[in-house]
Number of protein chains: 2
Amino acid sequence: MTVHGDLTGVSAGENPLHRATDILGKKWHPLLVHTLLTEGALGFNDIKNRIDGISDKMLSEALNDLQDAGVVVRDVIDDKPVRVNYSLTPAGQDLGPIIEALLEWSHEHFPENA
Amino acid sequence: MTVHGDLTGVSAGENPLHRATDILGKKWHPLLVHTLLTEGALGFNDIKNRIDGISDKMLSEALNDLQDAGVVVRDVIDDKPVRVNYSLTPAGQDLGPIIEALLEWSHEHFPENA
DNA sequence: CAGTATCCAAATAGATACTG
DNA sequence: CAGTATCTATTTGGATACTG
């Protein structure tokens, strides 16, 4: 028998699931996490070049969100010019397999658009 | 070595991940899937009574979205009055473990809000 | 019981320009 | 290189009322 977490009667918005879906549901966030997952630590413009179509503003906001969510860390390397590296926290890394599972789910059930 | 699906250089919106995150990111959808997962087939008002705070309109929209996404099926039972049952497709059921994983992820990394 | 229509508010996304 | 500010457009969410 599979035990499922009890969410019955809960209102969306203050349930534990929300912490995860709030990240996954944003337009660029999952892609961003996935990029850091596969490529390791990257600088601002490195990320920009890897995510097609993202603007400075969107990337900046996404990175801030993800830091607040405890998924991404920002490291300032004090060179000239200054370097900033973004990478995943342990929580961020643990999101990896789940994103992979989502990808696999999509491939399995909707092979046409993948 | 873990092989990760290649999403590099892809623009959000037309990638396979999007099919899943588009569902998970909506306010009521994950909860709705989770409810059908743990309780099986339910009628419109049965669902309403189990998801606290959801309005008719929101539930209606969510159910339509989920049908379009291939995650939920609608069965009309031709009684008097008419009964309608909503349940998960195989794709919807396969989303279950992923939602559980998300829940577990949240508990593990952010025990305070669960 | 099982929904849809309408109208409005709030959140999110995008373009463009600018800064240290 | 690494961002923020501003302003606008689009999407989503919610209240209320109504239908077969």
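Chain A is the first sequence line, chain B the second, and so forth, proteins listed ahead of strands; every chain is numbered from 1.
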- Mind checking D79(A) for me? I need base, sugar-phosphate or nothing, with any heavy atom below 4.0 Å counting as a touch. nothing
- Nearest-nucleotide pick for R83(A), side chain only, options being dA2(C), dA2(D), dG14(D): dA2(D)
- Should the heavy atoms of other residues, nucleotides or ligands under 6.0 Å from CD of E61(A) be counted, would the total exceed 12? yes
- Using a cut-off of less than 4.0 Å, is there contact between a side-chain N or O of Y86(A) and OP1 or OP2 of dC1(D)? no
- Candidates L7(A), L17(A), I98(A) - the one meeting side chain to side chain contact (heavy atoms under 4.5 Å, CB included) with I99(B): L17(A)
- K27(A) has its side chain closest, among dA2(D), dG14(C), dG3(C), to dG14(C)
- Query: Closer to the 5' end of DNA chain C via nearest nucleotide, is it W28(A) or V82(A)?
  - Reply: W28(A)
- Query: Whole-Å distance between dG3(C) C1' and N85(B) CG?
  - Reply: 15 Å
- Atom CD of E61(A) and atom P of dG3(D): how far apart are they, to the nearest Å? 13 Å
- Message: Return the CG to CG distance between L95(B) and L88(B), rounded to the nearest 0.5 Å.
- Response: 8.5 Å
- Task: Both distances under 3.5 Å, Watson-Crick or G-U wobble: report the partner of dC18(C), or none.
- Result: dG3(D)
- How close or far is atom P of dC1(C) from atom CG of D56(B), stated in whole angstroms? 11 Å
- Message: As a test of reading the structure: which of dA2(D), dC1(C), dA2(C) is closest to the side chain of R74(A), going by heavy atoms?
- Response: dA2(D)
- Message: What is the distance, to the nearest angstrom, from the CD1 atom on I54(B) to the C1' atom on dG13(D)?
- Response: 11 Å
- Would you mind reading off the distance between D75(B) atom CG and dG3(C) atom P, rounded to a whole angstrom? 12 Å
- Message: Using the side-chain heavy atoms of K57(A), tell me which of these nucleotides is nearest: dC7(D), dC1(C), dG13(D).
- Response: dC7(D)
- Query: How many angstroms lie between atom NZ of K27(A) and atom CG of D22(B), to the nearest 0.5 angstrom?
  - Reply: 11.0 Å
- Item | Among dC1(C), dA2(C), dA5(C), the one nearest F44(B) by side-chain distance | dA2(C)
- Query: Once you round it to whole Å, what is the distance between C1' of dA2(D) and NZ of K48(A)?
  - Reply: 10 Å
- N64(A) CG - dA13(C) P separation (whole Å): 14 Å
- Message: What is the separation between atom CE on M58(B) and atom C1' on dC7(C), rounded to the nearest whole Å?
- Response: 13 Å
